Amino acid sequence: ETGVTQSPTHLIKTRGQQVTLRCSSQSGHNTVSWYQQALGQGPQFIFQYYREEENGRGNFPPRFSGLQFPNYSSELNVNALELDDSALYLCASRPTQEGVTEAFFGQGTRLTVV
Amino acid sequence: GENVEQHPSTLSVQEGDSAVIKCTYSDSASNYFPWYKQELGKRPQLIIDIRSNVGEKKDQRIAVTLNKTAKHFSLHITETQPEDSAVYFCAASKGSNYQLIWGAGTKLIIKP
């Protein structure tokens, strides 16, 4: 166990709808990243938050947005869902200590858009 | 931006033999290179990582080598066992943000 939990584990949405995925990190992990992993592919970096501010973004459109809260939880919001958004969404958190680089992953949320 | 290529996409080896997976990266500023193992339906798990100031790192049956000049790094698994069967991903990041750019993955199959 990594101490990082995601909810829900599975979700089915209709094209055009909006979805919110949640991630709860370990206490003290104030850096959280979100990744999208399509079936049979490697994870793609969506964005990263540090102390409640976005400090890095991958090649994803603005309809992918996020929030990070003081209690080490975070959200990924996706608006206007498209069929290609179907994927496993992973969050990963890291502790604040200088030089610690390992990212601890949650179990993921499997999103299916129909 | 950074691009990470991983080969092969599928690797089948006899139990007890060694397996080698290779990755190349494009951004010479990348300085952190982790390897993850992902079993079907599960989260990626870090198995070994290396920083750019080190050329090789070993942990029991697993080792990683880094060639900064050629911009490639490799995962070596010796004495493979059935439980090593999984998809392995390499990744690279740079700076202090550690935003990981991933390879496409290698499906490792251990034949009994």
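So you know, we letter chains A, B, ... as the sequences are listed, proteins then strands, and number each from 1. All of these numbers come straight from a predicted model, not from anything done at the bench.
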State yes or no: do [X] and [Y] share one hydrophobic cluster built from I, L, V, M, F, W and Y residues joined by side-chain heavy-atom distances below 4.5 Å, directly or via other members?
X: Y49(A); Y: Y89(A); answer: yes
X: V20(B); Y: L66(B); answer: no
X: F60(A); Y: I101(B); answer: no
X: L90(A); Y: W34(A); answer: no

Item to complete: Name the region of Q6(B), side chain, backbone, both or neither, that has any atom closer than 4.5 Å to a heavy atom of chain A.
Response: neither
Worksheet item: Where does P34(B) contact chain A at under 4.5 Å (heavy atoms): side chain, backbone, both or neither?
Response: neither
Worksheet item: Where does Q41(A) contact chain B at under 4.5 Å (heavy atoms): side chain, backbone, both or neither?
Response: backbone
Item to complete: Tell me, for A103(A) versus chain B, whether the close heavy atoms (under 4.5 Å) come from the side chain, the backbone, both or neither.
Response: both
Worksheet item: Is any side-chain heavy atom of Q99(B) closer than 4.5 Å to a side-chain heavy atom of I46(A)?
Response: no
Discussion item. Does any part of the side chain of W102(B), heavy atoms only, come nearer than 4.5 Å to the side chain of F45(A), both counted from C-beta?
Written reply: no
Worksheet, complete the sentence: Distance col, row Q44(A):CD vs L100(B):CG, nearest 0.5 angstrom, shows 12.0 Å
Discussion item. Please find the pair of heavy atoms, one from L88(A) and one from Q38(B), that lie closest to each other, and give the distance.
Written reply: CD2-NE2, 4.1 Å
Fill in: Exercise: identify the closest heavy-atom pair between Q37(A) and F89(B)
NE2-CZ, 3.4 Å
Discussion item. Is it the case that atom CZ in R15(A) sees more than 12 heavy atoms from other parts of the structure closer than 6.0 Å?
Written reply: no
Worksheet item: CD of E54(A): more than 12 outside heavy atoms within 6.0 angstrom?
Response: yes
